[in-house]
Amino acid sequence: MKKFLLSLAVSMTAVCGAFAQTVIKADQFNLEGAKTIDGYTVELKKNNGATKPALNGDAIRLYAEGSLTVSGEKITKIVVTLASSTSKRYTTFTPNVGELSPAQAAGDTEITWVGDAKSVEFTVGAKADFGTDGNSKAGQVHFTEITIYGEGGSGVDPDPTPDPTPDPDPITTVGDGSETNPYTVTDVIALNNTKNVAAWVKGYIVGSSNGGASLTLTPADEEQSVSNILIAATADETNIDAIIAVQLPSKSEIRTALNLKDNPGNLGKVVEINGTLSAYFGSHPGVKSPTAYKLDGQGVDPIPTPDPVTTEGEGTQEKPYTVADVIALDNTKADAAWVTGYIVGAMNTSDSKNYVFETVAPFTVASNLYIAATADETDQTKMLPVQLVSGGKVRADLNLQDRPGNLGKEVSIKGKLEKYFGQPGIKEPSEYTIVGGLAPLPVAETPSLTSFVEEQSESNMKITGAVTVFYQSPDMKYTFITDGETNLEVYGALPEYHNGDQLTGIIGKYGFYQNMPQMTPQADSFGAATAGTPVEPKNVAFNQVGICDYVVIDAIEITEADGKFYIGEGADQRQVFDRFNLGELKAGVATITGIGAIYGETKQIFPIALDYKSSISEISVEAAAGQVYDLQGRKVANPVRGLYIVGGQKTFIR
């Protein structure tokens with residue numbers, strides 16, 4: 001009845017000469033192409049096939065030469081609602097048919113098209129002076145929604161309160177999943193993962209899959225997998241689309257009884273499995289976590305619930321698990337827990353194809369260590385590998401590469417009990433205690449930060465002279481230091497420091513990250529600081545910024561391209577990268593205080609502070625004498641008539 005009344009109302013509306021309206025919000029569009037809504041097709045196109053439309057908050061952003069096309073049975077009016085923010089002003093938005101009313105102008109909140117068409121294409125124009133603040137988004141349109149008046153493809157107004165979508169036709173199956181009437185393989189394939197329930201399934205064993213993540217049928221003359229069997233409706237089936245896989249859980253009776261590697265005689269036999277219907281080998285229908293089976297109709301062998309693992313420890317700091325406890329738990333507990341043992345070695349992973357277990361110094365890697373119940377254990381199956389996360393204090397203190405004297409020491413470590421190197425282990429450790437304290441850190445000494453950088457040693461070195469902190473990121477992971485001659489980035493969690501703080505006796509390794517020089521610190525060497533004189537940034541042109549330089553660049557234009565920001569042009573162009581998450585980066589003219597950097601071959605500057613200038617004043621050449629820069633930040637000795645940066649502001653010199 002509801003549908004009939006709705007149809008009647010729509011018909012009456014059409015007779016009266018009025019048309020229904022459809023409102024389409026920005027987040028309903030397909031940014032990569034067309035989408036049909038209420039019978040209308042709306043399509044966004046890229047700028048010259050290059051710059052994609054983007055969703056910025058609640059608004060679609062279309063770039064110059066991009067377009068919006070609306071198609072339907074009959075269209076009489078389109079209203080484009082513009083984003084209200086002054087930073088999202090628009091340029092011209094030109095239709096291919098019909099006309100705009102009113103004409104586009106600064107301050108408009110919407111664009112209205114009127115006409116009579118089946119398809120209207122709006123094209124984004126190039127730069128136009130619609131901005132009111134001197135900082136408009138040239139060549140862009142930002143809109144939050146469009147309202148379409150007319151008839152959609154169906155010619156009817158959609159039901160504003162539609163009836164619930166009817167359920168699809170039920171899938172007819174031969175079996176019902178019970179023990180007395182199990183599903184067939186064909187049933188499971190037809191259900192196609194729509195029922196994630198425990199059920200009985202019956203079929204012929206036709207092989208197993210050794211295809212990794214892909215479901216494949218391993219030839220009968222090749223070694224079969226122990227982790228699964230494949231079943232089908234007939235014993236000679238070879239079409240993988242007519243086959244489902246059955247998981248055989250590790251260390252279970254069902255794996256022992258059914259796997260084809262150990263039981264080749266099972267091939268061709270009828271098997272009935274009770275397990276969960278679930279996608280297996282990607283999205284392929286299958287059976288996982290089986291609990292019982294019948295082979296050739298003989299008996300039901302439920303998988304017994306294993307006895308709970310008895311442990312000596314409890315996983316607390318006061319009563320930690322032993323190495324034997326964690327091995328017995330066998331990854332069944334993934335919670336963070338304390339584990340105690342003796343440090344016995346580390347796994348050299350520098351050759352990805354040939355890992356080597358190291359038990360004597362020098363040790364090759366700092367990324368892991370192994371612990372065991374005794375300090376002289378040599379059987380790796382009785383050890384636990386421990387992951388040492390990069391940048392963390394646990395790695396800095398415990399790794400054997402830097403502190404080989406930790407070998408043989410008793411430690412308690414808090415971390416997640418997870419498989420590591422294919423066996424029970426500890427990942428993401430967060431705390432530790434060590435009996436007898438840490439082994440001393442073997443380090444060479446160097447007198448200054450400058451000599452530290454010049455030596456570029458791969459080993460820890462102690463800088464005996466003082467260094468001064470000139471910046472630290474809010475998360476305290478990036479700290480920049482100087483000795484007055486050389487600057488360097490220190491990457492790793494450190495205590496909180498401020499500009500001017502002085503440190504003596506710091507220890508670390510010199511290295512590079514994507515060509516950016518940095519120190520990996522020995523965290524415990526970065527202690528209390530002595531307050532000193534803050535370091536002032538150097539006032540330079542954008543093309544005079546070196547790596548790790550602490551600089552201020554007066555009023556320079558920041559441009560945006562593909563969501564990235566730049567200053568300068570050509571070979572001297574430099575990316576402005578918000579490394580420290582200021583959240584203030586945008587296009588416009590700004591004075592930048594920051595630190596020079598590099599990523600691969602891309603020159604960068606990490607902004608610390610941004611001071612945007614939006615006003616444009618007008619002065620004479622005589623009044624502009626002094627510090628005059630062009631819009632790329634280059635000093636101009638003899639300015640002529642035009643737009644420059646004077647005193648940190650855009651200024652027109654007449």
Side-chain angles (χ1 to χ4, degrees), residues 167-304 419 422:
D167 293 332
D169 293 335
I171 298 170
T172 302
T173 59
V174 174
D176 59 16
S178 65
E179 184 178 350
T180 56
N181 188 22
Y183 285 131
T184 66
V185 171
T186 305
D187 291 340
V188 175
I189 293 172
L191 289 169
N192 195 27
N193 307 318
T194 57
K195 284 191 175 183
N196 190 238
V197 297
W200 282 90
V201 181
K202 183 177 182 179
Y204 289 88
I205 300 176
V206 295
S208 66
S209 177
N210 276 321
S214 302
L215 184 62
T216 59
L217 180 60
T218 303
D221 59 349
E222 294 184 10
E223 183 174 348
Q224 300 294 314
S225 172
V226 297
S227 65
N228 66 83
I229 55 171
L230 306 184
I231 62 175
T234 61
D236 57 356
E237 183 63 72
T238 58
N239 181 2
I240 204 69
D241 293 329
I243 293 171
I244 65 173
V246 178
Q247 183 185 54
L248 304 180
S250 176
K251 300 181 181 179
S252 68
E253 182 180 337
I254 200 166
R255 171 180 284 194
T256 301
L258 297 185
N259 84 83
L260 289 174
K261 180 180 179 181
D262 300 324
N263 306 282
N266 286 347
L267 188 66
K269 289 186 177 181
V270 175
V271 67
E272 296 171 60
I273 302 284
N274 180 251
T276 301
L277 305 186
S278 176
Y280 190 24
F281 287 97
S283 60
H284 204 93
V287 180
K288 298 178 89 172
S289 304
T291 58
Y293 71 94
K294 300 178 186 179
L295 189 60
D296 270 349
Q298 300 300 311
V300 178
D301 296 320
I303 301 173
K419 182 181 289 187

Worksheet entry | Step-by-step side-chain contact (heavy atoms from CB on, under 4.5 Å) determination, S225 to K261 | CA-CA 6 Å; S225 172; K261 180 180 179 181; over 6 Å; no
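- Shown here for T173 and Y183, the closest heavy-atom pair between the two residues is OG1-CE2, 3.8 Å.
- Side chain of N192 to main chain of P285: no donor-acceptor pair is present (N/O by atom type, distance under 3.5 Å, no hydrogens or angles).
- Each of D296, N266, L295 was compared with V271 under the side chain to side chain contact (heavy atoms under 4.5 Å, CB included) criterion, and only L295 meets it.
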Worksheet item: So I231 and I244, side-chain contact (heavy atoms from CB on, under 4.5 Å) or not? Walk me through it.
Response: CA-CA 6 Å; I231 62 175; I244 65 173; 3.5 Å; yes
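- Between the side chain of D187 and the main chain of V201, no donor-acceptor pair closer than 3.5 Å is present.
- The backbone N or O of V246 lies less than 3.5 Å from no partner atom in the side chain of N228, so there is not a single donor-acceptor pair.
- Side-chain N or O atoms of S289 include none that pairs as donor or acceptor with a backbone N or O of G275 at under 3.5 Å.
- The distance from atom CG of L248 to atom OG1 of T256, rounded to the nearest 0.5 Å, is 9.5 Å.
- Around atom OH of Y204, no more than 12 heavy atoms belonging to other residues, nucleotides or ligands sit under 6.0 Å away.
- Contact record, G207 with L267: N-CD1, 3.7 Å, taken as the closest heavy-atom pair.
- To the nearest 0.5 Å, atoms CD1 (I240) and CZ (F281) are separated by 9.0 Å.
- Judged by distance alone, with hydrogens and angles left aside, the side-chain atoms of E272 form no donor-acceptor pair with the main-chain N or O of K202 at under 3.5 Å.
- When all heavy atoms are compared, the tightest approach of W200 to S178 is CB-O, 3.4 Å.
- Considering every non-hydrogen atom in both Y280 and G286, the closest pair reads CB-CA, 4.3 Å.
- Contact between P290 and I254 at its shortest, heavy atoms only, is CB-CD1, 3.6 Å.
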Practice prompt. Kindly determine whether S208 and N259 satisfy side-chain contact (heavy atoms from CB on, under 4.5 Å), including the steps that lead there.
Written response: CA-CA 8 Å; S208 66; N259 84 83; over 6 Å; no
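- Residue H284 forms a side chain to side chain contact (heavy atoms under 4.5 Å, CB included) with just one option from I189, L215, N193, and that option is L215.
- To the nearest 0.5 Å, atom CG of residue L230 and atom CD1 of residue I243 are 6.0 Å apart.
- With N196 contributing its side chain and L277 its backbone, the two residues share a donor-acceptor pair below 3.5 Å.
- When every heavy atom of A232 is checked against every heavy atom of E237, the shortest pair comes out as CB-CB, 3.5 Å.
- Between the side chain of Q224 and the main chain of E222, a donor-acceptor pair closer than 3.5 Å is present.
- A distance-only check finds a donor-acceptor pair linking the side chain of N210 to the backbone of E223 [under 3.5 Å].
- Panel note: side chain Q247, backbone P249; no donor-acceptor pair is recorded below 3.5 Å.
- The backbone N or O of T218 sits nowhere less than 3.5 Å from a side-chain atom of T216 that would complete a donor-acceptor pair.
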